[in-house]
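Structure first, then comments.
Heavy atoms only: backbone and side chains are in, while hydrogens, waters and symmetry mates are out.
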Amino acid sequence: MFLTIKLGPCTPAVRWGEESPRRHDLLYILLLILYNILLILVLISNLHRWKNYWIRGVLSLAMISGFFLIIYMGPIALILVVMSVQIKCFQEIITIGYRVYHSYELPWFRTLSWYFLICVNYFFYGETVADYFGALVQREEPLQFLARYHRFISFALYLAGFCMFVLSLVKKHYRLQFYMFAWTHVTLLIVVTQSHLVIQNLFEGMIWFIVPISIVICNDIMAYLFGFFFGRTPLIKLSPKKTWEGFIGGFFATVVFGFILAYLLSQFQYFVCPVGFNSESNSFTVECEPSDIFVMQEYTLPTVLQNTLRWKTVNLYPFAIHSIFLSSFGSLIGPFGGFFASGFKRAFKIKDFANTIPGHGGIMDRFDCQYLMATFTHVYIASFVRGPNPSKVLQQLLLLQPEQQLGIFHTLQSHLRDKGMLPPAAVQAE
C-alpha cells in the first residue's frame, strides 16, 4: 500500500562540481513522504482511541505540507511568512493584556501598541536592507537618504510614540498604564526581536532556517509520542502531561532526525548558499561556491568506535556535526520556551493564546519554542560558524568617498606586498 521512494540519478550522493539536484526532485520526494504519513493517519483513524489525535494529526500534516510549499517558493515567501507569524503572535499577546484591563478603558493602549510594532519593525528591517541590499540602496537616491539617517528616523518615530504615551496618562490609571507600556515592550522583545533573528538566519542560507525549525517540530512530535506510549514520570508541574520518558525519548529521536536532515540538505546548493540580491536581475539569488561546512570531509573515528563499527574513517558534511549541537539545544533547552508559555497562560488562567488552529490553539502556542531556538541559532552562527563576509565589507567600501576608497586601496596593497602575496608584475608596476 505504501509508496516507495526511489531515488533517481539527480538525487542525493551528489558532489559539488557535478550537476546539483533539482528543486522539483526534492519536492517530489517530500510529497511522497507526506503521502505515506497520510496513509498511516487514515489507518489509525478507525480506532476510537485515536479519533482526537487523528484530527490534530491531519491539521499538523496540513501545516507541514504548507511549510514544504513555502520552502519551495523561495526566500521571499519565507520572509513574508515570518513577518505574518510575528504580527499574529504580537496580536495574540497584546489581546490578552487588553482583555485583562479593557474594563479600565485605558486610552490609546492598542493604538500605541501597534504603533510601536511598526517602529520596531522599521528599525530592524531597515538595518537588514542596508546590510544585505547595499547595491540596491546605492542605486536609488531616496533609499540612500533613508539608509544614511535610518537610526535617527527610527529614534524619532519611537520618540513620537513615547510622547503620545506620556500625553495619554490618566491620573487614576497611572499604574495600569505603565503596566501595559511594559507589557507592550516585553512583547516586542520576545516576538519582534527574535523574528528578526529568524530572518538573519535565513539570509545565512535556508538550511539555517529549515533545520532549526524542523528540529523543534520533530522534538515536539517525538516527545509527545514517547510520552503517550511510555510516559509514567511527570517532568514539570507547569505542564502536567510532560514526562521524563517523553523528554528523553524526544531528545534521542531529534538528534538522529537532525543529523539525517542536515546530511540530506547539505547536498543541495539551493539550501546551503546565503541568500543574496542580484542587482542586475533585481531578484534574490542562492548561488555560490559552498563554504567548507557544506563540503564532504573525511573524519577519523575514535579507537572505541573503530573496534565496534569496524570503520576507521567516515565521510560527513561538517554541518551534520553542527546539527547535533542544534538538536541538543532544541531538545534539552528549547522545551523551556514552552514551559515559560505554559506558566504565562496559567498566570492569566487561559488554556491557549488564541483558537486560530483547531486542536493546537493560537499561533504563539506553536511558536513558543521556535523563538528561543532562533536566538540560539543566531548566536551559534556568530560564535562558531560565521567568518568575515567579503560582500558586506565591499558594500561598506562602496559607501565611502572616492579618496577614502583610494586610501584603503593603498593600505591593502602595502599589506599584501609585505606578506609577499602580490605577484612581481604588480610590485614593479607600482
Side-chain angles (χ1 to χ4, degrees), residues 15-18 20 75 123-154 196-197 199-208 266 269-298 317-319 321-322 377-430:
R15 297 183 181 277
W16 296 110
E18 300 177 3
S20 181
F123 171 74
F124 280 124
Y125 290 104
E127 295 276 309
T128 300
V129 170
D131 284 344
Y132 289 95
F133 309 128
L136 176 64
V137 171
Q138 280 292 101
R139 201 171 57 194
E140 302 292 337
E141 189 171 341
L143 292 180
Q144 290 182 31
F145 175 82
L146 291 175
R148 182 169 185 177
Y149 300 105
H150 172 69
R151 295 197 175 186
F152 180 80
I153 295 172
S154 300
H196 173 68
L197 297 182
I199 293 180
Q200 292 285 310
N201 298 340
L202 172 62
F203 278 111
E204 294 295 328
M206 283 197 285
I207 196 168
W208 291 105
S266 294
Q269 186 177 4
Y270 179 68
F271 295 121
V272 304
C273 289
V275 178
F277 183 78
N278 189 325
S279 58
E280 295 180 359
S281 60
N282 288 329
S283 62
F284 286 95
T285 59
V286 284
E287 297 176 357
C288 68
E289 183 68 27
S291 63
D292 291 340
I293 66 170
F294 301 114
V295 177
M296 188 76 76
Q297 307 284 345
E298 186 177 67
Y317 294 101
F319 180 74
I321 299 174
H322 287 296
T377 303
H378 183 80
V379 172
Y380 186 89
I381 293 172
S383 302
F384 303 108
V385 178
R386 182 193 296 147
N389 190 327
S391 62
K392 284 190 177 181
V393 174
L394 182 59
Q395 289 177 9
Q396 292 293 324
L397 288 175
L398 293 176
L399 294 174
L400 299 176
Q401 297 298 323
E403 58 273 12
Q404 294 174 315
Q405 295 174 353
L406 192 60
I408 292 175
F409 168 75
H410 288 306
T411 302
L412 182 60
Q413 186 182 51
S414 176
H415 176 73
L416 294 175
R417 189 194 320 114
D418 293 341
K419 287 198 166 189
M421 298 180 65
L422 283 179
V427 177
Q428 292 174 4
E430 185 184 351

- Do the rings of F294 and F319 sit parallel, tilted or perpendicular, given the 30° and 60° boundaries?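 Correct class here is tilted.
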Distance, nearest 0.5 Å, that separates [atom1] of [X] from [atom2] of [Y]:
{"X": "T128", "Y": "L202", "atom1": "OG1", "atom2": "CG", "answer": "10.5 Å"}
{"X": "F409", "Y": "L406", "atom1": "CZ", "atom2": "CG", "answer": "7.5 Å"}
{"X": "H322", "Y": "I381", "atom1": "NE2", "atom2": "CD1", "answer": "10.0 Å"}
{"X": "L416", "Y": "Q413", "atom1": "CG", "atom2": "CD", "answer": "8.0 Å"}
{"X": "L412", "Y": "R417", "atom1": "CG", "atom2": "CZ", "answer": "11.0 Å"}
{"X": "R148", "Y": "Q144", "atom1": "CZ", "atom2": "CD", "answer": "9.5 Å"}

- Query: Taking all non-hydrogen atoms of both residues, which atom of P318 and which atom of I293 are closest, and how far apart?
  - Reply: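 It is CD-O, 3.3 Å.
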- Task: Mind listing the closest non-hydrogen atom pair of F145 and I153 along with its distance?
- Result: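 Nearest heavy atoms, F145 then I153: CE2-CD1, 4.5 Å.
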- Do M421 and H415 come within less than 4.5 Å of each other through their side chains, counting heavy atoms only?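 Not in contact.
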- Query: Side-chain contact, heavy-atom cut-off 4.5 Å: I199 with F124?
  - Reply: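 I199 vs F124: side chains apart.
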- Query: Is there a side chain to side chain contact (heavy atoms under 4.5 Å, CB included) between H378 and E204 once you walk through the steps?
  - Reply: CA-CA 10 Å; H378 183 80; E204 294 295 328; over 6 Å; no
- Query: Counting only heavy atoms not in E287, do more than 12 sit closer than 6.0 Å to its CD atom?
  - Reply: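 Not more than 12 within 6.0 Å, no.
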- Within the distance-only criterion (no hydrogens, no angle test), does the side chain of H196 pair as donor or acceptor with the backbone N or O of Y125 below 3.5 angstrom?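 Not confirmed, H196 side chain does not pair with Y125 backbone.
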- Item | S154 side chain to H150 backbone, donor-acceptor under 3.5 Å |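 Present.
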